[in-house]
Amino acid sequence: MTLARLHSGLALLAQFTGEHNSLHPAGPQASGIEWLYWVVFWITFAAFVLVVAGFTRAAVRNRSSTSEMLPLVRDLEGDRRASWAVGTAVFITVLTLFAVLFMSIITGKKVEGLTSKNPVTIQITGHQWWWEAVYPNTQADQTITTANEIHVPVGKPVVILTNSADVIHSFWAPSVHGKRDLLPGYSSAFWIQIDKPGTYAGRCAEFCGLQHAHMGFSIVAEDQDTFQRWEAQQLKPAVEPNSSETVRGRQVFLTHACVMCHTIRGTDAGSRMGPDLTHVGSRRMIAAETLPNTPGALAAWIIDPQRSKPGNKMAPNLLNPGDLGALVTYLGTLQ
Ligand code: HEC
Ligand SMILES: [Cu+2]
């Protein structure tokens, strides 16, 4: 059928619009939202076609030259037909809007209604301008703390608990779920599930200050074994330096301002102003998906974080090249 073909054509076209794509659902929540999107799209499309057709018909039928006024004729029969037509149109419109409302409620229920006895729970806290992800556990030493790169097992329900450390942020990974606001001092929860392994991009979707546009995250969905390996790795304290260079790097870290803002578990650095760096070397990107996690980008970030992300909460660090090199090497070993 041509409509079906048009639909798949449009859906295909949507694939070229980049990695942030709610028409590329990766799990049940996003699928529900995608379904609703297409239903509303086709209803409004039909309404558009009908309205344009109606206008065209009226315009063609009642054509007259504007130079001469038409005499006013009382056409009772015409009036009756017109009010009947308008009445019907209003009725159909109201009915359609109620139908859309109903489907929207159904979708909302479907998106929320995932339950599981033993879900993976992740506490996400929005900061200007990065995401803290904590995998809470009743035992402190079984709690994972990381930033911006969120790992989840494929095909398993995951509970996301939200919070914000400063202003309102909004957690949005279009292929996974709709936008969820993170409000300071108010915790809420929602479910996600990802059925296809992969890395899904996310963004802050609520304007939160100067670097709002550089507040990205990614959700890495991997099979159960890989996820458990990742968990086990993240639970370990930081690796001990095993060369004079990395010993020096750790020394540089512990004797500079870094300790006032960052944690490296297994060392004396225990502040949570900035991202936990215990396993910073395992992350693909740094600074909320702004820079690749390469020695060059890391060095540039440490020397002058204000250059790539003006206004962010990390101050420049004037280190000599030897210290900087050692520090970057040390951070790179924190897998
Ligand atoms: C005043 C607090 C502060 C100090 C001091 C500070 N940082 Fe940061 N750091 C931050 C904040 C906040 C971020 C997150 C910035 C963002 O993404 O917007 C950050 C991010 C980082 C990141 C990127 C982490 C990631 O996963 O994205 C690294 C690496 C880092 N800092 C290393 C250092 C080192 C090394 C030092 C010492 C030379 C240092 N920081 C000093 C606050 C600080
Ligand atoms: Cu934000």
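Residues: numbered from 1 along the sequence shown. Order of listing sets the numbers, starting from 1, for every ligand and every atom in it.
The closest side-chain heavy-atom distance from R283 to L277 is below 4.5 Å. At a threshold of 4.5 Å between non-hydrogen side-chain atoms, the residues V52 and F48 count as touching. With a 4.5 Å cut-off on side-chain heavy atoms, T329 and P295 do not count as touching. Side-chain contact check for V167 versus H212: every heavy-atom pair is 4.5 Å or farther apart. Residues W191 and S116 have side chains in contact (heavy-atom distance under 4.5 Å, counting atoms from C-beta outward). In this structure the side chain of V220 never reaches within 4.5 angstrom of the side chain of W230, judged on heavy atoms.
Judged purely by atom type and a 3.5 angstrom limit, T143 uses its side chain to pair as donor or acceptor with the backbone of N137. Within the 3.5 Å criterion, the main-chain N or O of A257 finds no donor-acceptor partner in the side chain of N317.
The distance from atom CE of M285 to atom CG of L291, rounded to the nearest 0.5 Å, is 7.5 Å. Here the OH-OG1 distance, from Y186 to T162, works out to 8.0 Å after rounding to the nearest 0.5 Å.
Closest to atom 27 (O) of ligand 1 among all protein heavy atoms lies A287 N, 2.6 Å. Regarding atom 29 (C) of ligand 1, its nearest protein heavy-atom neighbour is L298 CD1, 3.7 Å. Looking from atom 28 (C) of ligand 1 to the surrounding protein, the closest heavy atom is W301 NE1, 3.7 Å.
Note on ring orientation: taking the six-membered ring where Trp is involved, the planes of W131 and F171 are perpendicular (angle over 60°, cut-offs 30° and 60°). The aromatic rings of F45 and W42 sit perpendicular, their planes meeting at an angle over 60°, well past the 30° parallel limit.
One finds no salt bridge joining R248 and E245 here, because no Lys/Arg side-chain nitrogen approaches an Asp/Glu carboxylate oxygen to under 4.0 Å.
The backbone and the side chain of I286 each have at least one atom closer than 4.0 Å to an atom of ligand 1 (non-hydrogen atoms only). At a 4.0 Å heavy-atom cut-off, ligand 1 touches K313 through backbone and side chain alike. Under 4.0 angstrom from ligand 1, the non-hydrogen atoms of L327 all belong to its side chain.
Between the side chains of Q123 and S187, no donor-acceptor pair is found at a separation under 3.5 Å.
Of all atoms in ligand 1, listed by their number and element, those nearer than 4.0 Å to a heavy atom of N148 are 27 (O). For ligand 1, the atoms lying closer than 4.0 Å to a non-hydrogen atom of A257 are 5 (C). The R283 neighbourhood of ligand 1 comprises atoms 25 (C), 26 (O), with distances under 4.0 Å to a heavy atom of that residue. Numbered from 1 in the order shown, with element, the atoms of ligand 1 that lie under 4.0 Å from a heavy atom of N312 read 15 (C), 18 (O). Heavy-atom contacts of W129 reach the following atoms of ligand 1: 16 (C), 17 (O), 18 (O) (cutoff under 4.0 Å).
Ligand 1 lies out of reach of M260, whose nearest heavy atom is not under 4.0 Å from it. Between K309 and ligand 1 there is a heavy-atom distance shorter than 4.0 Å.
Counting only distances under 2.8 Å, and ignoring water, the protein N, O or S atoms around the Cu ion (ligand 2) are H169 ND1, C204 SG, C208 SG, M215 SD.
Of all the heavy atoms in I219 and F217, the pair that sits closest is CG1-CE1, 3.8 Å.
Of all protein atoms, those of element N, O or S that lie under 2.8 Å from atom 8 (Fe) of ligand 1 number 2.
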### Message
I'd like to know whether V259 forms a side-chain contact (heavy atoms from CB on, under 4.5 Å) with D268, so could you lay out the CA-CA distance, the side-chain angles of the two residues, the decisive distance to 0.1 Å, and finally the verdict.
### Response
CA-CA 8 Å; V259 286; D268 287 341; 6.0 Å; no
